Protein chains: 2
Amino acid sequence: MKQRLAAIGTVETLPHRVAAFLSREIESGELNPGARLPTEQELSEKFGVSRNVVREAIAQLRADGMIEARQGIGAFVLAPEQRAAIRIDREALKDTHNMERLFELRCILEAESAALAAARRGQEHLDSIKAALDRMGGEERWEEGSIDADLLFHREIARATGNSYIHTFISFVCEQIRQSIHYARMTNPLHDLVEINVGEHVRIYEALVAGDPAAAEAAMRTHIIGAANRVGVKLPLSKTGGTK
Amino acid sequence: MKQRLAAIGTVETLPHRVAAFLSREIESGELNPGARLPTEQELSEKFGVSRNVVREAIAQLRADGMIEARQGIGAFVLAPEQRAAIRIDREALKDTHNMERLFELRCILEAESAALAAARRGQEHLDSIKAALDRMGGEERWEEGSIDADLLFHREIARATGNSYIHTFISFVCEQIRQSIHYARMTNPLHDLVEINVGEHVRIYEALVAGDPAAAEAAMRTHIIGAANRVGVKLPLSKTGGTK
DNA sequence: TCAATCCAAGTTGTAGGATGATATACATCA
DNA sequence: TGATGTATATCATCCTACAACTTGGATTGA
């Protein structure tokens with residue numbers, strides 16, 4: 001419900017559309033780093049909007065460190081490594097290959113974080129993780145609420161590391177994945193898969209309770225690879241086979 | 001040189017300052033999720049700026065998914081998990097404890113990525129990594145150029161994973177760290193430390209050449225812990241002691 | 001009294017113009 | 001030649017006005 005409202009609020013506003021257009025042009029390489037953007041006036045004429053709209057669009061891109069505006073000269077495209085923010089293009093995630101990469105990143109982040117969490121978790125963390133687990137396996141299965149609980153489970157583990165940056169990054173990546181597979185989840189509501197999913201979570205939780213970092217890491221790795229498979233993403237072995 | 005200009009270009013513009021202020025208020029919890037922001041007019045009066053400036057500031061926050069504006073009603077604070085972008089507060093990194101957390105995150109990301117890179121790198125990757133290594137140990141030591149080369153070395157390894165998201169995330173984290181310790185590097189230009197730093201990079205490179213994921217991961221982990229120490233950050237054991 | 005309708009005020013979205021600050025290129029002059 | 005000033009282009013900021021939208025209360029009618 002709330003989600004619905006948020007979605008409606010995200011209607012394309014003019015500055016957003018202009019920013020998206022410029023952003024695409026930069027990402028696609030039509031505007032290389034160092035290149036100068038058209039002047040605000042030219043852009044406002046080109047898009048048929050007021051200069052204020054163009055300025056708001058540029059303000060967004062500038063905040064991300066995508067472009068740099070210099071008074072009296074113009075606005076220039078910056079190199080990707082100078083970005084001040086990370087933003088993931090939702091469109092690009094429709095490509096399975098990109099989704100695969102994102103899952104790989106998630107696996108790296110969450111596996112080691114699970115190990116950290118196992119070593120550092122307090123009782124309160126275990127409680128909130130358990131609460132999420134119960135909600136996930138509760139009456140609501142594979143519904144909106146269940147997915148929320150799934151995400152919350154992972155976020156709470158990230159929180160148990162005591163590292164706010166880890167929490168932020170994991171929350172972000174998970175949310176990107178969740179919203180991108182939003183459409184696909186109704187197609188495979190197979191109960192077998194749900195059972196498997198819950199079971200994997202239980203094993204992670206047990207490792208955390210035991211305070212066993214290696215077990216937590218392994219369980220998390222197994223789970224994420226499995227989760228990727230369940231949404232149709234074949235994850236390449238993110239770890240070199242546990243040969244260590 | 002270019003870096004210098006970029007730094008000057010980042011002078012605090014009015015919208016940026018307003019956005020930073022509001023962002024602080026949200027992060028600190030003074031404005032809870034769901035709360036309504038003051039109207040644009042009130043904000044413009046409060047900060048003594050025009051409404052346009054306020055609007056540009058809000059445009060930034062909205063692009064990040066921090067707030068949601070609804071015509072005719074007002075602007076509201078969104079929950080952290082709905083954020084569309086990751087941004088790290090440079091001010092917060094002045095606190096050593098936060099810097100420590102960021103290094104920990106970096107260690108997680110880079111260690112496993114080094115293992116991936118060792119398994120997937122092609123000859124072209126090895127070449128560009130070697131080029132960065134040479135520049136680092138070249139005539140320019142611990143100068144601007146040397147630090148650039150250091151960063152490039154890490155970015156090229158991230159690129160060798162073949163995963164663009166990993167590359168993006170690692171580049172981002174490294175850049176945040178680099179800019180935050182910008183002032184500190186002149187204070188410890190001890191040549192011993194430089195030698196150690198280069199030596200650690202060489203060992204990583206050798207593991208990549210050998211195609212040995214485990215060795216690459218271990219070398220990278222050692223290096224990042226060492227790098228943290230060299231800028232005065234004592235990293236807690238990010239891995240549970242290699243007891244696996 | 002109660003309900004439906006309409007209207008007015010408040011808020012964000014967009015437009016357009018005016019002025020100040022800054023950088024570049026060119027002309028001017030010693 | 002070299003320094004200086006001027007013209008111009010561009011972004012930064014401000015201002016006013018109106019459109020679109022939401023809310024709540026006033027009005028109206030039964």
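The shown structure was predicted, so the numbers you read here are calculated from the model rather than taken from an experiment. In what follows, every chain begins at residue 1, and chains take the letters A, B, ... in the order their sequences are listed.
- Note on B/I58: nothing from the nucleic acid sits closer than 4.0 angstrom, heavy atoms only.
- Residue pairs meeting the ring pair (Phe, Tyr, Trp, His ring centres under 6.0 Å) criterion with at least one partner in residues 18-67 of chain A, sequence neighbours excluded, are A/F21-A/F47.
- With hydrogens and angles left out, the side-chain atoms of B/N98 and B/R101 include a donor and acceptor closer than 3.5 Å.
- The backbone N or O of B/I157 lies less than 3.5 Å from no partner atom in the side chain of B/T161, so there is not a single donor-acceptor pair.
- At a cut-off of 3.5 Å, with distance as the only test, a side-chain donor of A/E175 or A/Q179 sits close to an acceptor on the other residue.
- Computed from coordinates, the B/R17 CZ to D/dA12 P distance equals 14 Å when rounded to whole Å.
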The contact string for nucleotides 17-25 of chain D, one letter per nucleotide 5' to 3', using protein heavy atoms under 4.0 Å with B, S and - for base, sugar-phosphate only and none, comes out as B--BBS---
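- Considering only side-chain atoms of B/L14, the nucleotide from D/dC14, C/dA15, C/dT12 that sits closest is D/dC14.
- The CG-P distance, from B/L43 to D/dT13, rounds to 16 Å in whole Å.
- Checking the phosphate oxygens (OP1, OP2) of D/dA12, a side-chain nitrogen or oxygen of A/R62 falls inside 4.0 Å.
- Neither OP1 nor OP2 of D/dT13 sits under 4.0 Å from any side-chain N or O of B/S44.
- Residue A/N52 places no side-chain atom within donor-acceptor reach of the base of C/dG13, judged by atom type and a 3.5 Å distance cut-off alone.
- Between A/H16 atom NE2 and C/dT12 atom C1' the separation is 17 Å, expressed in whole Å.
- A sub-4.0 Å separation between OP1 or OP2 of C/dT14 and a side-chain N or O of A/S50 is absent.
- Close to D/dA12, at under 4.0 Å from its OP1 or OP2, lies a side-chain N or O of A/R55.
- A 6.0 Å sphere centred on CD of B/E45 holds more than 12 heavy atoms belonging to other residues, nucleotides or ligands.
- Between the B/R106 side chain and the B/I177 main chain, no donor and acceptor come within less than 3.5 Å of each other.
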